[in-house]
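A short worksheet on the structure shown next.
Naming: A, B, ... by sequence-line order, numbering from 1 per chain.
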Protein chains: 2
Amino acid sequence: MSVVKKSAEKVEVGREGILNAAASLFRQHGYGGVSLRAIAQAAGIKAGSIYYHFPSKDAIITEILDAGIVKVHEEARACVEALPAGAPAEAFLRAALRGHLRALLEHGDYTSANVRIFGQVPAAVRDANLSIRRDYEKYLDDLLSNLQADGAIRADVNISRFRLLLIGALNATLEWFDPSRGGVEALADDYADTFLNGILTQTGANK
Amino acid sequence: MSVVKKSAEKVEVGREGILNAAASLFRQHGYGGVSLRAIAQAAGIKAGSIYYHFPSKDAIITEILDAGIVKVHEEARACVEALPAGAPAEAFLRAALRGHLRALLEHGDYTSANVRIFGQVPAAVRDANLSIRRDYEKYLDDLLSNLQADGAIRADVNISRFRLLLIGALNATLEWFDPSRGGVEALADDYADTFLNGILTQTGANK
DNA sequence: TATTTCACCTAACTGGTGTTAGGTAGGTGA
DNA sequence: TCACCTACCTAACACCAGTTAGGTGAAATA
């Protein structure tokens, strides 16, 4: 792609290399814990060179934040759209949930950096990210609202509040998820079961 | 208490004043975003004076982290123990949940600072906080296990995984909760409903 | 009253921060 | 061949970080 071999051992790092290194470091150490010199070293260049590609540190963060949500949004949408025609209503939520978790836990320094650092970033950076974030929230709200309109989700469930609960629970998996102990798919199914049916033994006497 | 009036306008700031100021700032700006000078100014003293009370910045964070969990743990336990004798099984979960949310959203810079900065703090500080954290997790696991043993919670629910889901969802409320739009109690009830019964319209055909 | 203790302040230190100006080796196009 | 562009590097800038040594005035203690 944009990685071009030069003489001997020289390889271009470029925007991509800087972003990848930065996303990985931000994910691990948070916003304040990562310096431009650390990013540069991880990418294999010197700190000053970063300014050839980016006007400021905040510009890097902004780009990582945006890419993170876009990735989650795309993955969730792809999972939903891959559903066979006539899939049961609850399969839609399961699919979106699986996509969200996959993007978060598998493909992801950008997605996980987003979750980790969004709360620590300067207000200006956060604001720049907000519209993309809202797009994804709207996508989920619409999906859930449709399920509710179809009668699959109870009428007394507050959709946008449930969406907040859902995203909160999903994003928190980042703090403890260990791929060596059960895969993402199993986790997604397990979470979906809980959200859909609750945890109570069903006696028919509920509510 | 330990705040003693001195001559004219002088009031002692002390450990407490520093901790309060620090907790509030950490909650707002994250770990890396708060300097000792900022803490000192918020507390009303000079940066160097902090070292009369604390040996390092990390010592302050450690204490805030610990206090935060202790507070949540105590509040949750108090809510559970305030239950009338013979309360229904699900009331236990509802009570713990309400206590957790109350500590988080009402009484709290320490509790909310804990949630916000735990992921960004140096490994050594995090380790120091771990045993207190585990105590609370064990408390919740035991409570949930008892409910499961009594048959209130379905046997196929993985308790510790549900606990992770629960805490994740509860802590995430910090990012969006606005006390002016519905109180903590209503939120707690709403979340409990979702966790207990799920969101699906109950047709009796589940599973 | 003299001495000690307490809770702070001042001023500095080292080292790290984001950022900038100017330089340079290698490839490209005329 | 030669000017130009790209993607970097070097070296420095001003500033801010955590931390420390030594000092100060008021209160507590003797």
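Checked against side chain to side chain contact (heavy atoms under 4.5 Å, CB included), A:V115 has the following partners two or more places apart in sequence or in another chain: A:L104, A:N171, A:L174. Partners of B:D58 by side chain to side chain contact (heavy atoms under 4.5 Å, CB included), not counting sequence neighbours, listed by chain and number: B:Y31, B:S56, B:I61, B:P122, B:V125. Annotation: side chain to side chain contact (heavy atoms under 4.5 Å, CB included) contacts of A:H73 (sequence neighbours excluded): A:R77, A:D135, A:Y136, A:Y139. Applying the ring-ring contact (aromatic ring centres under 6.0 Å, His included) test to A:F118 and every residue at least two apart in sequence or in another chain returns nothing.
Atom CD1 of B:I50 and atom P of C:dT10 are 14 Å apart (whole Å). Spacing between atom NZ of B:K46 and atom P of D:dA17 amounts to 15 Å, rounded to whole angstrom units. As rounded to whole Å, 5 Å separates atom P of C:dA7 from atom CD of B:E12. In this structure, A:R15 atom CZ and D:dC8 atom P are separated by 12 Å, rounded to whole Å.
Across all strands shown, D:dA28 forms a Watson-Crick or G-U wobble pair, both distances under 3.5 Å, with C:dT3.
Atom CD of B:Q41 is surrounded by 12 or fewer heavy atoms from other residues, nucleotides or ligands within 6.0 Å.
Expressed to the nearest 0.5 Å, how far CG of B:L36 lies from NZ of B:K57 amounts to 6.0 Å.
A salt bridge links A:E90 with A:R94; the closest basic N to acidic carboxylate O contact falls under 4.0 Å. Using a 4.0 Å cut-off between charged nitrogen and carboxylate oxygen, B:E185 and B:R102 count as a salt-bridge pair.
Proximity of residues 29-39 of chain B to DNA chain D (heavy atom under 4.0 angstrom from any strand atom) is restricted to B:V34, B:S35, B:L36, B:R37. Listed by residue number, B:Y52, B:H53 are the residues of residues 51-64 of chain B with a heavy-atom contact under 4.0 Å to DNA chain C.
Dashed line: the shortest gap from a side-chain N or O of A:S49 to OP1 or OP2 of D:dC9 is under 4.0 Å.
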